[in-house]
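Data block below; observations after.
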Amino acid sequence: MDMDGVLVHEDKLVPGADSFVAELRENGTPFMVLTNNSIRTPRDLRARLLQSGLDIPESSIWTSALATAKFLGDQRPGGTAYVVGESGLTTALHDAGYVLTDNHPDYVVLGETRTYSFEAITKAIRLVEGGARFIATNPDPTGPSRDGVLPATGSVAALITKATGRDPYYVGKPNALMMRSALRAIGAHSEHTLMIGDRMDTDVVCGLESGMRTILVLTGISSTASVEWFPYRPTAVIGSVADLVGRTDDPFGPPGD
């Protein structure tokens, strides 16, 4: 399941999300909480969720930073990278055996940060021009804040692309690669797994392309009206994850069964 807009909204618990997660744990149902945001480590996110009233173990949190580090570790073990991002991304790359450097790196890796530096972006542009491969954790153009939207990875990646003519490879949602790496992390198969999300353009399409059934919740970005804008549909649309309490064994059965 996605995290922001599904379980929490602006660090506040979505009503009923705690009961939903508690039921999954009581039933022994494996689950993974996903986020495209690469700023925080799973430990940091666990602490954030605890403050919201959700007890999610680190092992059940999968970020675009972890997916990116896993991808690069498989592609070029022991490689080097110049990183524009925060501790969630740098920690994941270090743990994958990567050396972070601005001296002829194999990759430029762009992630989320609340303080994008013009100097760091300029360095990234010059390194990509010099032959470094361009990777971005996710294509999200904006992110939320209490004061309104913030430019996110996709917008900054567009700036680098405009300057270099080089498009990045995006690892996070809607790339099904992130979903498949999360499935492997919990030993699950797409045939027996569903994706719960609040965005048609990332969560639902990512689940669909990974071979899963999907549930759209209306506590985040997408609405019942916006569902009709897309050429694909979720398997089900519900108000929130609270509607699944008592139904986690058969989420697509009639309510009350």
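Here, residue 1 is the first one in the sequence, and each next residue gets the next number.
Remark: side-chain polar atoms of S210 are paired, donor with acceptor, to backbone N or O of C206 under 3.5 angstrom. Side chain of R40 to main chain of D44: no donor-acceptor pair is present (N/O by atom type, distance under 3.5 Å, no hydrogens or angles). Side chain of D140 to backbone of T142: no donor-acceptor contact under 3.5 angstrom is found. In this structure, the side chain of R25 engages the main chain of D55 through a donor-acceptor pair within 3.5 Å. A donor-acceptor pair is defined here as one N or O able to donate and one able to accept, closer than 3.5 Å; no such pair exists between the side chain of T137 and the backbone of A65. With hydrogens and angles disregarded, no donor-acceptor distance shorter than 3.5 Å links the side chain of R133 to the backbone of Y107.
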Validation: residues 164-180 side-chain donor-acceptor distances under 3.5 Å, sequence neighbours left out:
{"unit_1": "T164", "atom_1": "OG1", "unit_2": "I160", "atom_2": "O", "d": "2.8"}
{"unit_1": "T164", "atom_1": "OG1", "unit_2": "R166", "atom_2": "N", "d": "3.1"}
{"unit_1": "R166", "atom_1": "NH1", "unit_2": "V128", "atom_2": "O", "d": "2.9"}
{"unit_1": "R166", "atom_1": "NH2", "unit_2": "A132", "atom_2": "O", "d": "3.1"}
{"unit_1": "Y169", "atom_1": "OH", "unit_2": "N175", "atom_2": "ND2", "d": "2.9"}
{"unit_1": "K173", "atom_1": "NZ", "unit_2": "D2", "atom_2": "OD1", "d": "2.8"}
{"unit_1": "K173", "atom_1": "NZ", "unit_2": "D203", "atom_2": "OD1", "d": "2.6"}
{"unit_1": "N175", "atom_1": "OD1", "unit_2": "L177", "atom_2": "N", "d": "2.9"}
{"unit_1": "N175", "atom_1": "ND2", "unit_2": "Y170", "atom_2": "O", "d": "2.8"}
{"unit_1": "R180", "atom_1": "NH2", "unit_2": "E209", "atom_2": "O", "d": "3.4"}

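With rounding to the nearest 0.5 Å, the separation of OG1 in T202 from CD1 in I221 is 8.5 Å. Considering OH of Y116 and CG of L110, their distance stands at 5.0 Å, rounded to 0.5 Å. Atom OG1 of T235 sits about 10.5 Å away from atom CE of M212, to the nearest 0.5 Å. Of the inter-residue distances, the one linking S64 atom OG with N37 atom CG reads 7.0 Å to the nearest 0.5 angstrom. Atom-to-atom distance recorded for R213:CZ and E191:CD is 9.5 Å, nearest 0.5 angstrom. Within the model, atoms CD1 of I186 and CE of M32 stand 5.5 Å from one another, a figure rounded to the nearest 0.5 Å.
The same ILVMFWY cluster, assembled from side-chain heavy atoms under 4.5 Å apart, contains both F230 and L208. Under the 4.5 Å side-chain heavy-atom criterion for grouping Ile, Leu, Val, Met, Phe, Trp and Tyr, V245 is connected to L49 within one hydrophobic cluster. Hydrophobic clustering (side-chain heavy atoms under 4.5 Å, transitive across Ile, Leu, Val, Met, Phe, Trp, Tyr) groups V108 together with I121. Grouping the Ile, Leu, Val, Met, Phe, Trp and Tyr side chains by contacts below 4.5 angstrom, directly or via other members, places F71 with L89. Residues L244 and L194 are members of one and the same hydrophobic cluster, defined by side-chain heavy-atom contacts under 4.5 angstrom among Ile, Leu, Val, Met, Phe, Trp and Tyr.
Evaluation of the salt bridge (Lys or Arg N to Asp or Glu O under 4.0 Å) rule for D243 yields no partner, not counting sequence neighbours. When the side chain to side chain contact (heavy atoms under 4.5 Å, CB included) test is applied to P141, the partners found at least two apart in sequence or on another chain are S155. Under the salt bridge (Lys or Arg N to Asp or Glu O under 4.0 Å) criterion, R43 pairs with E58, not counting sequence neighbours.
Counting all heavy atoms, side chain and backbone alike, I125 lies closest to A163 at CD1-CB, 3.7 Å. Nearest heavy-atom pair, T219 versus S240, reported as atom, atom and distance to 0.1 Å: CG2-CB, 3.4 Å. Summarising the geometry of W62 relative to A67, their closest heavy-atom pair is NE1-CB, 3.8 Å, with the distance given to 0.1 Å. Shown here for P139 and N36, the closest heavy-atom pair between the two residues is CD-ND2, 4.3 Å. Of all the heavy atoms in A124 and V84, the pair that sits closest is CB-CG2, 4.3 Å. When all heavy atoms of S52 and D11 are compared, the pair lying nearest together is OG-O, 3.0 Å.
The hydrophobic cluster analysis finds F118 isolated: no Ile, Leu, Val, Met, Phe, Trp or Tyr side chain comes under 4.5 Å of it, directly or through other members.
Between L7 and L54, the closest side-chain pair of non-hydrogen atoms falls below 4.5 Å. Taking the side chain as every heavy atom from C-beta outward, I238 and I215 approach each other to under 4.5 Å. For the pair L50 and R46, the minimum side-chain heavy-atom distance is below 4.5 Å. Taking the side chain as every heavy atom from C-beta outward, L127 and F134 never approach each other to under 4.5 Å. No side-chain heavy atom of R76 sits less than 4.5 Å from a side-chain heavy atom of L72. Counting only heavy atoms from C-beta outward, the side chains of M1 and L34 never approach each other to under 4.5 Å. The closest side-chain heavy-atom distance from I39 to R114 is below 4.5 Å. The shortest distance between side-chain heavy atoms of M200 and W229 does not fall below 4.5 Å.
The side-chain hydrogen bond (donor to acceptor under 3.5 Å, both in side chains) pairs that include a residue from residues 85-103 are E86-T113, where partners are two or more places apart or lie in different chains.
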Would V14 and V6 count as a side chain to side chain contact (heavy atoms under 4.5 Å, CB included) if you check the C-alpha gap in whole Å, the side-chain angles of each, and the deciding distance to 0.1 Å? CA-CA 7 Å; V14 170; V6 176; over 6 Å; no

Using the rule given for side chain to side chain donor-acceptor pair (under 3.5 Å), can you reason through E112 versus S38, listing the C-alpha separation, both sets of side-chain angles and the distance that settles it, and then say yes or no? CA-CA 5 Å; E112 215 81 58; S38 64; 5.2 Å; no

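In this model, a donor atom of one side chain and an acceptor atom of the other lie less than 3.5 Å apart for D106 and T80. T248 and E23 share a side-chain donor-acceptor pair at under 3.5 Å.
Contact check on K70 versus D74 returns a salt bridge, with a Lys/Arg side-chain nitrogen under 4.0 Å from an Asp/Glu carboxylate oxygen.
More than 12 non-hydrogen atoms from other residues, nucleotides or ligands lie less than 6.0 angstrom from CZ of R48.
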